[in-house]
Structures are given as structure tokens and as C-alpha cells.
Amino acid sequence: YSLLFSIAKGDVFGKDQPVILVLLDIPVMMGVLEGVVMELQDCAIPVLREVIATDKEEVAFKDLDVAILVGSMPRREGMERKDLLKANVAIFKSQGAALEKYAKKTVKVLVVGNPANTNCLIAAKSAPSIPKENFSCLTRLDHNRARSQVAMRCGVPASHVKNVIIWGNHSSTQYPDVHHCKVNMSGSEVGCFEAVKDDAWLKGDFISTVQLRGAAVIKARKLSSAMSAAKAICDHVRDIWFGTAPGEFVSMGVYSSGNKYGVPEDLIYSFPVEIKNKTWKIVNDLPVNDFSRSKMDATAAELVDERDTAVTFLGE
Ligand code: LMR
């Protein structure tokens, strides 16, 4: 609900690009979805040509150009991590197989539902004829959170902060890294440590604030982040569509194969990426110090563990 209006009115694919929105939900939600369709129609948006609501994967995934997989099985009280992974493997295996069968081979797939990295990996593995590079998971929300924390600390707009990095998993082990971040302070670009002038904060509370922000929003709102997640999804997909600005990189969970940072292969791991012609490339030449190294390794270890548990459910 938070996401649809922005996409429909051209924030993602451009103001002149006609859009057909296909909305997939589970059967019990079809009545509610009808109401959402009515609202979208009532917005009278010229580029929104059609809205299709369905509970059938063969309808939802047919000839798709872009798939945003938002839904997943949320963790319930008393649920073990393993049970959560098992339930989500079933969902993302099925959606991956539907992409394989029905979507265009050029489809771009963004996985948002948690555990997003591992869900994305399972979807990609279940769609072997779609290039692995077409799959990514959302860490732009963490990226935006990091950017905004630095901006507020420096008293500048968020647009004056660039090249923060989120490494690894969209979980509390993620590593928000500002060693390559630049801040525009009164017209001149300086390194983040120089701009903030508080190394202890940048190496301590800044990191934990970003890592735990999702949980803090849930605690306060009694609901998971929605507005900020929708904004991050739009930022992520718009950058895939139109590319990143020269000299700027963004964070995305992408296939780790071939990375130069020693991150194990066959993971969906968040890296700094540049995007051109709808194709991302890991920014592979940034120096990494010991502080960063250990945090990048810790989040990689969590993802290896998640993957190894998840793939045991793939054959079921
Ligand atoms: C967030 O980062 O806000 C969400 O991924 C948190 C959650 O668990 O839904």
C-alpha cells in the first residue's frame, strides 16, 4: 500500500513511462486487494494503464519486466530461525520457479521480504535460466538510514552525504561503513570522519543505530517500517532503471561471485555498486582496514550459515 502510489505516478520508471501494475497476494486478501485497485483507479494517473489483482502466480509473473517480492513469512513468537527459513524457502522457491516459467528472461527481481538476502538467493537458484545478475535484495533502506544519520549529525541535507556502504546481510550483523563516505560541508567535499569529528560515535553508536533501526521502528510503531521501506524500494529500482550518478555508489544485495573483497561465493551479499545500462558492477577497488574486515567477515559468516540451512530445505 505504501509502495504503489510512488510507482504508479512515475517516481521509479519516469513520468512518461506507461505502467501496468500486477498485484499478487494470497487468496484471503483478494477482497482487500480489490479496494486497493479501486483506489489506484481513483487516482486517475495518466501513465497507469492497467492494474491487475490476482492470487495466481501464473497470472502475476507472466511477461514481467520487474518483480518486487515484498511479502514473506514474518517471524512469529516462539518461531525458531530454522522454521522461518523453511517457510520462506517454500515461498521463494515457488516464486523463483514462477519467474523461470512465466517472466521475461530480462526481468529484474528485487527481494524485500526477510530474510531478504537468503530469500533472494533461493529465488535466483529456482530460476536457473534467468541471469543471476538480474536478482538483488534490498539494503537501500539501511543505506538511506546511514546516510540520514550522518546528515543529521553534520546538520546538512541527506543529499550532501554520499557513498556510505552497507556490507553483508540485511540483519543486525550488517556493517554500515563510512570510510569512503563524503560529506558536502559548506560547498567543499570532505571525508565523513573529518566532517563528523567524532570517531567514537562513527565506530560505535552510529553502527548500532543503523543495524537496529528496523527493530526500533517495529518497537515504536508496533509495525514494520513501511514508508521508508517503500522509499528505499523506489530508490533501488529507479537506480537500476536509470543508473547511478557519476562518482556515486549505492548499496545492494547482489551475487557475491567474482567479488574482490574475499566474500565467499554463492551468497547474496550487500556491496557498493555502480549501475549503468541497467547492469550493476561491484565497486571492487576500495581499501578495507582491519576494523571493517572483521565486520564484513562476521556478516558473511551469518549469510553462509543462513544459506547452508536454507539449501537443505530446497529439495523438500
Ligand atoms: C526493517 O529493516 O525495517 C525491516 O527489515 C525490519 C523487519 O524485520 O521487518
Side-chain angles (χ1 to χ4, degrees), residues 1-4 6 25-26 29 67-92 95 109-123 135-152 158 164-178 205-237 239 250-254 267-272 295 298-300 302-303 305-307 309-310:
Y1 191 85
S2 303
L3 176 63
L4 296 174
S6 295
D25 213 326
I26 52 178
M29 294 303 288
I68 304 174
L69 307 183
V70 180
S72 65
M73 172 74 76
R75 192 201 282 264
R76 304 228 164 78
E77 230 177 311
M79 206 173 186
E80 296 289 332
R81 225 168 72 94
K82 234 181 152 156
D83 299 330
L84 182 77
L85 273 170
K86 189 173 182 176
N88 279 300
V89 167
I91 295 170
F92 287 87
Q95 299 201 340
V109 184
L110 165 61
V111 176
V112 179
N114 283 321
N117 301 54
T118 300
N119 289 343
C120 184
L121 187 70
I122 296 298
F135 289 81
S136 57
C137 87
L138 190 76
T139 53
R140 186 59 168 268
L141 178 52
D142 313 292
H143 182 100
N144 286 349
R145 286 167 172 162
R147 202 173 174 189
S148 213
Q149 286 295 320
V150 170
M152 288 189 290
V164 299
I165 303 169
I166 304 298
W167 299 98
N169 202 358
H170 173 66
S171 75
S172 58
T173 67
Q174 67 175 261
Y175 170 43
D177 176 8
V178 290
D205 284 353
F206 160 74
I207 293 174
S208 56
T209 298
V210 177
Q211 287 173 329
L212 302 173
R213 191 68 157 187
V217 170
I218 291 172
K219 187 157 182 268
R221 237 169 64 84
K222 316 283 181 260
L223 287 169
S224 196
S225 55
M227 179 178 24
S228 55
K231 163 65 166 53
I233 291 168
C234 291
D235 289 347
H236 179 117
V237 180
D239 282 351
V250 293
S251 307
M252 274 171 52
V254 295
L267 294 178
I268 296 283
Y269 186 98
S270 180
F271 289 100
K295 294 193 176 331
T299 189
E302 183 183 53
L303 280 172
D305 192 46
E306 267 185 30
R307 176 197 63 200
T309 308

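Order of appearance sets the numbers: ligands from 1, and atoms from 1 within every ligand. Values in this document were obtained by computation on a predicted structure and should not be read as measured data.
Protein heavy atom in closest approach to atom 9 (O) of ligand 1: Ser224 OG, 2.6 Å.
Residue-level proximity to ligand 1 for Ile218 is carried by the side chain, the only part with a heavy atom below 4.0 angstrom. The proximity of Asn114 to ligand 1, defined as any non-hydrogen pair under 4.0 Å, is limited to the side chain. With a 4.0 Å cut-off on non-hydrogen atoms, Arg213 does not touch ligand 1 at all.
At least one donor-acceptor pair under 3.5 Å links the side chain of Asn117 to the backbone N or O of Ile268. Under the 3.5 Å distance criterion, the side-chain polar atoms of Ser172 are left unmatched by any main-chain donor or acceptor of Leu212.
Crowding of Met152 atom CE: a count of heavy atoms from other residues, nucleotides or ligands under 6.0 Å exceeding 12.
Electrostatic pairing of Asp142 and Arg145 counts as a salt bridge here, judged by a charged N lying under 4.0 Å from a carboxylate O.
Every atom of ligand 1 with a heavy atom of Ser225 under 4.0 Å away is listed here by number and element: 1 (C), 3 (O). When each atom of ligand 1 is checked for a heavy atom of His170 under 4.0 Å away, the hits are 1 (C), 2 (O), 4 (C), 5 (O).
For the residue pair Ser171 and Glu302, a side-chain donor N or O sits within less than 3.5 Å of a side-chain acceptor on the partner.
With rounding to the nearest 0.5 angstrom, the OG atom of Ser148 is 8.0 Å from the CZ atom of Arg213.
For Arg145, a nitrogen or oxygen atom sits less than 3.5 Å from a nitrogen or oxygen atom of ligand 1, counting backbone and side chain alike.
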